[in-house]
*Asks:* 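Please see the structure below; I have some questions.
Please read these numbers as outputs of a predicted model, since none were measured by experiment. Sequence lines set the chain letters: A, B, ... in the order given, protein chains first and strands last, and positions in each chain run from 1.
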Amino acid sequence: MLRFIASDLRRHWAGVLAIVLIVALATALGVAVTLQERALRLGSARAADAFDLVVGAPGSETQLVLSAVFLQAAPLPLLPGSVLAGLVADPRVAWAAPVGFGDFIDSYPIVGTTPALLDGMGGLAEGNVFARLGDAVIGSMVGMRLGDHFHPQHGRVGGPGGTHAEITYRIVGRLAPTGTAWDRAVLVPIETVWLAHHHDEPEVAVAGASNPFLHKEDEPHAGESPLDMPLQADSVADPTAPGVPAIVVKPKTIADAYKLRQQYRSDHSLAVFPGEVLTRLYATLGDVRTILSIVAAGAQGLVGAAILLVVTVHVVQRRRQIGALRALGAPRFAVFAIVWGEVLLIAGTGLILGFGLGYVAARALSSAFTSASGFALPVAFAAGDLVRLGVLLGVTALVASLPALLAYRQSPASALRS
Amino acid sequence: MPSLSLRGVEQRFPGLETPALAIPALDIASGEQVAVTGPSGSGKTTLINILTGLEGAGQGAVDWGGTDLARLSEGARDRWRAANVGLVMQDFHLFPGLSALENVLLPQRLAHLQLPDGARAEALRLLARVGITRIDQPVETMSRGQMQRVAVARALAARPGIIVADEPTASLDADSGARVAALLVELAREAGATLIVASHDARLVGRLDRALRLDSGRLKD
């Protein structure tokens, strides 16, 4: 019987291949949707792990999380410097670090912060944290090396803006990989970001230095460049320091976390657990996934119906052959088994191939996304996927019995006569 | 080898007033070689189908060596036919994509979980006997005469007690037809099987013991 099935499939190889591919593509669609949504959820959840509590100015909680955790550029309102100073001094806080958005270098965002955040994000893979104003630490995926120098650019490559040629940062360290957008960031002392934002205000002084971002070509350069000045911890703890759009806080205990969040949810500030905000985002994502899954299931259903039609027509066309088999002594059950076996083999191969294709497609999409954003999207099968495959195979087996039954019931005499 | 004792068989098709087949009595002895002749539409194929159990007889008895086919269910008739009848048909009905040997063995493979002992050896012997040397050749590349000879080997492979041929030479040229006719008669004689041939072929009919003449579903003597 297997020999007969094999020779049958070989003879009709073009049609068999077409059906296998159609089934595979329809299945791959559904599988890729499921895997990609799961990857997005897992990846973003991991990204939020390092951020226990984020404080920002009143506004959108979602935007605060997207900017502070995922480094999505957006114009956020600023918190006054007193807030950061208060948090740094708070006994319930293990550490608090500002996150300020500055310029870009190539397509990498320049983010101003303090050394506390570098440790909080998993520490350095090589080099040192910044000690001078002009030091920079790069993320694990940034394409520069220790010791490189660069000039910040106002906008992204291809966008409007210019280069601050008078400012030169020096890379002194590289962050350990985090699997988040921070892998593509360049971290600099927040003080330099403040100075960059106030480049038209010569009276603003930070760390006791004059502003090196000022566009004043005729000013004679003092002996020591301001960027060589060492970092001073109290410049951040100064309540009169310029504002920042977000502060990442590491509370000492869970109880402290809740109390801090309670305290900073007011008219003047916003405090969120990124995990909670993300959960709300997932609810929306879940709806999108449901719709996409229904569409994909619809596609699979249509493909299934089309294949059923093709197979049924095929069985009818082979009436004479089936009649001959019966006349020669093949029991009805053997005829049923041959038709059922062929359909199951073809559709089953398509299903399994589809799972493989869907996985490959999801992986490809993920790595494209990661190289663009630095955000890792882990693609992985779960136990539920295996159950789904089993169910699909079961449904296929059931549906395959319809044309098989048709062949079973054919009377050999009338089939031979036709 | 079974002998036939057929009584009171009438086969009607819906919508037709007169029965397609009406035979009050027919006896065929074990090992006898019988031709069934008659014009088209005379009921030859219907008679063949009833004798082999492909069609169920509406009434009467079709007794082969103690087994009355008219009393059996469709599945039981299939099983009986697989064990007792070798069939040769006008259009050969070999399966393309399979070799000559595979075609000869196919009915037994489908009827049993495992090939019975000695089946392969018997198949090889029969293929040699009918003059097919390239047994692994896919059948679709063979000539029509070769194909029908493979079909004859297939019919005898399971050592059936009854061999039935429905117009075995009608699709062949004169020479191939003569060869196939000779093989059919000789092999049936060698096996001691009862042979029933429905045919227009005068030379084939002439080689058999007896000729039944059918006209409008009735036997004419």
*Asks:* For Pro138(B), is it the side chain, the backbone, both, or neither that has a heavy atom closer than 4.5 Å to a heavy atom of chain A?
*Replies:* neither
*Asks:* Between chain A and each of Gly75(B), Pro96(B), Gly53(B), Pro107(B), count heavy-atom pairs under 4.5 Å; write down the option with the most.
*Replies:* Pro96(B)
*Asks:* Carefully, step by step, assess Leu325(A) and Leu110(B) under the rule side chain to side chain contact (heavy atoms under 4.5 Å, CB included).
*Replies:* CA-CA 9 Å; Leu325(A) 275 177; Leu110(B) 293 179; 3.4 Å; yes
*Asks:* Quick one: donor-acceptor pairs under 3.5 angstrom, chain A versus chain B?
*Replies:*
residue	atom	partner	partner atom	Å
Arg3(A)	NH1	Glu102(B)	OE2	3.2
Arg11(A)	NE	Pro96(B)	O	3.4
Arg320(A)	NH2	Asp91(B)	OD2	3.2
Arg326(A)	O	Arg81(B)	NH2	2.9
Arg326(A)	NE	Asp78(B)	OD2	3.3
Arg326(A)	NH2	Glu74(B)	OE2	2.8
Arg326(A)	NH2	Asp78(B)	OD2	2.9
Ala327(A)	O	Arg81(B)	NE	3.0
Arg417(A)	NH2	Glu55(B)	OE2	3.3

*Asks:* Quick check on Ile48(B) against chain A: is it the side chain, the backbone, both or neither that has a heavy atom closer than 4.5 Å?
*Replies:* neither
*Asks:* Chain B: which of Gly323(A), Ala334(A), Ala324(A), Ala6(A) shares the most heavy-atom pairs with it under 4.5 Å?
*Replies:* Ala324(A)
*Asks:* Compare every heavy atom of Pro331(A) with every heavy atom of Ala111(B), then report the nearest pair and how far apart it is.
*Replies:* CA-CD, 3.9 Å
*Asks:* Less than 4.5 Å to any heavy atom of chain B: does that hold for the side chain of Ile338(A), its backbone, both, or neither?
*Replies:* side chain
